[in-house]
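These numbers were taken from a predicted model, which means no experiment stands behind them. Just the heavy atoms: all of them, side chains too, but no hydrogens, waters or symmetry mates, feed the values below. In what follows, residues are counted from 1 in the order of the sequence shown.
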Amino acid sequence: MKKYFSILVSLILASCTSVKEYNKKIEEPIPIVKLKQDVDFANKKLQKFHPNLYWYITKNQLDYKFDSLKQTIKKPLKPSEFYLKLAPIIADVREGHLRLVPLEKKLTKKETKKLKNQKGLLSRFNYVIQDNHLYLKDNAENVGNLKVGTELLKINDVPVAEILNKYRPLVTSDGYNTTYQKYSLARRFNTYFTLEYGILDSVKIETKQKDSIQTLVLKRETKTKTEKKKEKQDQKLTQEKKTKGYNPITKSFNRNLQFLAKDSSVAHIKIKSFSGTYSKKFYKETFATLKKAKTKYLIIDIRDNLGGSLAEINNLYTYFAKEKFKFIKDIEVSSRTSILSTDYLSNFPTLTKPLGVISYPLYMMFSVISTKKKDGKFYIKDLFPSKKPKNNAYKGETYVLINGSSFSASSVISAKLKADHLATLVGEETGGANDGTVAGIYTTQKLPNSKMKLPIGLFLIQPNIEFSNTMKGVTPNIEIIPTLEEILQKKDVQLNWILNDISSKKTSQK
């Protein structure tokens with residue numbers, strides 16, 4: 001028994017030492033020559049693996065940016081300092097899925113356990129950004145008695161405008177889209193702040209509510225036994241939670257159907273992300289319900305939906321199609337063998353990784369065989385073959401709600417529905433490009449000296465439509481952009497426009 005106890009103590013001490021050494025290492029400046037090697041490494045790997053690297057930027061422009069960056073490196077830099085220099089260049093490629101992943105400090109098991117039992121600080125708020133101003137969009141737990149609409153002026157005496165200007169170049173988006181950045185920065189604000197300043201036990205903030213300015217200190221609170229018990233209960237999956245995709249963090253369903261009229265003539269489906277899990281069952285049940293209810297108007301709400309499963313949106317489209325269709329074009333890759341570099345085993349949970357090792361040779365063989373060359377480019381043929389509409393496909397009128405935070409798969413299905421005239425898009429330009437995106441599967445390249453990771457999408461995924469060539473997002477048929485006041489007051493002017501439009505159509509039909 002003593003022997004096992006000694007081994008356990010040794011392992012714990014070794015783990016703590018390893019964490020300490022790692023954290024010490026990432027604070028050490030990297031020599032100039034090695035930093036420049038990392039810049040060249042990033043450029044080289046992008047050229048090798050990215051299937052459409054020069055979609056929004058020319059080769060000369062990108063090479064110039066990398067070369068200029070190397071010229072600015074005049075002294076050794078810590079990985080965190082180097083990140084702030086290299087990440088904006090990666091963002092200049094203008095691919096929303098492409099980003100440099102900075103190094104994070106590791107926590108010991110003791111620190112992790114302590115943090116798990118605590119609530120966050122700035123992460124307990126949801127934000128909205130307008131220009132260089134940061135406002136509280138939600139404060140569900142009434143932290144600090146701060147009201148929705150309160151502006152954060154300073155954090156630990158640093159002006160918020162200064163912080164936003166520092167983080168804004170790190171945000172990537174598709175093409176020349178201008179709607180995505182404010183949503184992405186608001187969503188990632190706490191992540192960027194934590195990466196820069198670490199996990200703090202308290203934070204001093206200066207706020208402004210109307211004409212009143214106050215300073216207060218927010219402290220990290222410990223979760224109560226009741227809150228821990230509630231969290232545990234939320235994590236238990238029921239059949240409803242599985243089908244609708246329950247999120248225990250937001251305490252809401254990922255997919256949900258509700259009727260907005262007493263006679264079931266108007267239905268609203270909110271889809272927060274295309275997670276893929278259990279989605280087939282949800283759509284099968286939902287569209288059977290709509291058919292039985294004889295619903296005339298359907299609203300698909302994919303605002304703030306950052307995308308996800310291509311299989312899910314492909315399946316969802318079968319409930320709107322009028323004839324046999326091909327949802328996305330053949331997928332372009334950079335070379336016949338590029339997808340062999342994918343993070344294959346990362347898709348397998350720990351317990352099933354041995355199966356991944358066994359199946360990898362089959363994956364390699366399938367990848368090479370399925371990749372065809374045409375007009376000097378390489379494509380994976382029929383990864384998503386043509387499909388027929390569902391027997392209970394929806395026959396009524398469809399509206400789709402979109403905004404600047406509708407990204408990736410959300411943009412793909414929006415572009416397809418709009419191009420095929422199967423829905424009226426209402427809201428603002430999507431954050432994802434109209435003509436496709438680079439994502440799907442990734443190869444994660446680790447920069448040799450700074451050790452930062454650069455995940456590179458290997459698939460050029462494009463909806464099977466006539467392209468707009470605008471280098472922007474999917475534009476709505478009806479553009480409605482809410483004001484800051486309307487957002488903070490929770491006035492859904494976009495949904496209200498649809499309901500008024502439906503009401504006028506009903507009136508005219510009488």
Side-chain angles (χ1 to χ4, degrees), residues 240 243-245 253-303 305 307-328 384-402 406 409-427 430 463-465 474 476-478 494-506 508-509:
E240 182 187 30
T243 303
K244 294 184 177 180
F253 291 112
N254 182 38
R255 295 176 289 272
N256 200 31
L257 165 68
Q258 64 178 137
F259 290 100
L260 304 183
K262 293 180 180 179
D263 58 0
S264 302
S265 62
V266 183
H268 177 274
I269 300 176
K270 176 64 178 177
I271 310 172
K272 294 184 177 179
S273 73
F274 293 111
S275 61
T277 310
Y278 297 102
S279 63
K280 283 188 177 181
K281 180 178 174 64
F282 172 80
Y283 294 128
K284 183 178 180 180
E285 293 177 354
T286 293
F287 283 93
T289 299
L290 296 177
K291 186 174 183 178
K292 185 177 180 180
K294 297 181 180 179
T295 300
K296 293 182 179 180
Y297 303 97
L298 175 60
I299 304 166
I300 304 291
D301 190 344
I302 53 175
R303 290 174 296 181
N305 183 323
S309 168
L310 281 175
E312 179 172 338
I313 59 173
N314 193 14
N315 177 57
L316 176 57
Y317 191 83
T318 61
Y319 290 96
F320 296 99
K322 307 298 183 186
E323 57 189 11
K324 189 175 181 180
F325 68 93
K326 185 175 175 62
F327 187 66
I328 59 174
F384 289 90
S386 298
K387 300 187 76 170
K388 295 180 180 179
K390 296 287 187 183
N391 292 330
N392 61 335
Y394 182 67
K395 305 298 183 183
E397 188 170 350
T398 303
Y399 297 85
V400 177
L401 281 164
I402 55 175
S406 301
S410 293
S411 298
V412 173
I413 193 168
S414 297
K416 181 66 174 168
L417 287 168
K418 181 184 179 183
D420 292 348
H421 307 288
L422 295 175
T424 299
L425 273 56
V426 179
T430 63
N464 188 28
I465 61 173
V474 186
N477 300 100
I478 307 295
Q494 296 162 335
L495 176 59
N496 287 340
W497 183 92
I498 295 176
L499 295 177
N500 289 334
D501 190 55
I502 291 173
S503 180
S504 64
K505 288 177 180 177
K506 284 183 175 181
S508 65
Q509 291 169 4

- Query: Where is the tightest heavy-atom contact between A267 and L257, given as atom of each residue plus distance?
  - Reply: CB-CD1, 4.0 Å

- Query: Any donor and acceptor pair, going by atom type alone, linking the side chain of S275 with main-chain N or O of S309 inside 3.5 Å?
  - Reply: no

- Query: Roughly how far apart are K272 NZ and I302 CD1, rounded to 0.5 Å?
  - Reply: 15.0 Å

- Note on the structure: All heavy atoms of S264 vs all of A293, minimum pair found to be CB-CB, 3.9 Å

- Considering only heavy atoms from C-beta outward, does the side chain of I299 approach that of L260 to under 4.5 Å? yes

- Message: Would you say that Q494 contacts R303 through its side chain, given a criterion of any heavy-atom pair below 4.5 Å between the two side chains?
- Response: yes

- Could you pull out the closest heavy-atom pair between S410 and G307, with the gap in Å? OG-N, 3.9 Å

- Task: Please assess K390 against F287 for the test side-chain contact (heavy atoms from CB on, under 4.5 Å), listing each intermediate value before the final yes or no.
- Result: CA-CA 10 Å; K390 296 287 187 183; F287 283 93; over 6 Å; no

- Check against side-chain contact (heavy atoms from CB on, under 4.5 Å), K387 and F327: CA-CA 8 Å; K387 300 187 76 170; F327 187 66; over 6 Å; no

- Query: Would you find more than 12 non-hydrogen atoms of other residues, nucleotides or ligands less than 6.0 Å from N391 atom CG?
  - Reply: no

- Query: Parallel, tilted or perpendicular: which describes the rings of Y399 and W497, with under 30° parallel and over 60° perpendicular?
  - Reply: perpendicular

- Item | CA sep, side-chain torsions, deciding dist, call: L422, T398, side-chain contact (heavy atoms from CB on, under 4.5 Å) | CA-CA 7 Å; L422 295 175; T398 303; over 6 Å; no

- List in chain and number order the residues that pass ring pair (Phe, Tyr, Trp, His ring centres under 6.0 Å) with F274, two or more places apart in sequence or in another chain; answer none if no residue qualifies. none

- F384: what forms a ring pair (Phe, Tyr, Trp, His ring centres under 6.0 Å) with it, not counting sequence neighbours? none

- Message: Rounded at 0.5 Å granularity, tell me how far OG1 in T318 sits from CD1 in I313.
- Response: 12.0 Å

- Note on the structure: One should read off an interatomic distance between L310 CG and N315 CG, to the nearest 0.5 angstrom, of 12.5 Å

- Message: Closer than 3.5 angstrom, by distance alone: can the side chain of S503 be matched with the main-chain N or O of L499 as a donor-acceptor pair?
- Response: no

- Spacing of OG1 belonging to T286 relative to NZ belonging to K281, to within rounding of 0.5 Å: 10.5 Å

- Query: Does the K416 side chain pair with the main chain of I465, one donor and one acceptor, at a distance under 3.5 Å?
  - Reply: no

- Query: Partners of Y297 by ring pair (Phe, Tyr, Trp, His ring centres under 6.0 Å), sequence neighbours excluded?
  - Reply: none

- Smallest separation among heavy atoms of P476 and G427, with atom names: CG-O, 3.3 Å

- Message: Could you tell me if the side chain of Y317 sits less than 4.5 Å from the side chain of I328, heavy atoms only?
- Response: no

- Taking every heavy atom of P389 against every heavy atom of A321, the minimum-distance pair comes out as CB-O, 3.3 Å

- Start with the C-alpha gap between H268 and I498, add the side-chain angles, then the distance that decides, and say whether side-chain contact (heavy atoms from CB on, under 4.5 Å) holds. CA-CA 11 Å; H268 177 274; I498 295 176; over 6 Å; no

- Say you draw a straight line from CG of L425 to OG1 of T430; how long is it, rounded to the nearest 0.5 Å? 8.5 Å

- Look at atom NZ of K280 and say whether more than 12 heavy atoms of other residues, nucleotides or ligands are closer to it than 6.0 Å. no

- Task: Can you measure from CZ (F282) to CD (E312) and round to the nearest 0.5 angstrom?
- Result: 9.0 Å

- Message: If you define the side chain from C-beta out and look only at heavy atoms, does anything of F259 sit under 4.5 Å from T289?
- Response: yes

- Message: If the condition is salt bridge (charged side-chain N to carboxylate O under 4.0 Å, His left out), which residues does K322 pass it with, not counting sequence neighbours?
- Response: none

- With S414 as partner, the option from N305, I402, L401 fulfilling side chain to side chain contact (heavy atoms under 4.5 Å, CB included) is I402

- With sequence neighbours excluded, residues passing salt bridge (charged side-chain N to carboxylate O under 4.0 Å, His left out) with K270: D301

- Message: Y394: which residues meet the ring pair (Phe, Tyr, Trp, His ring centres under 6.0 Å) condition with it, sequence neighbours left out?
- Response: none

- Message: With salt bridge (Lys or Arg N to Asp or Glu O under 4.0 Å) as the test, pick out the partner of E397 among K506, K296, K505.
- Response: K505

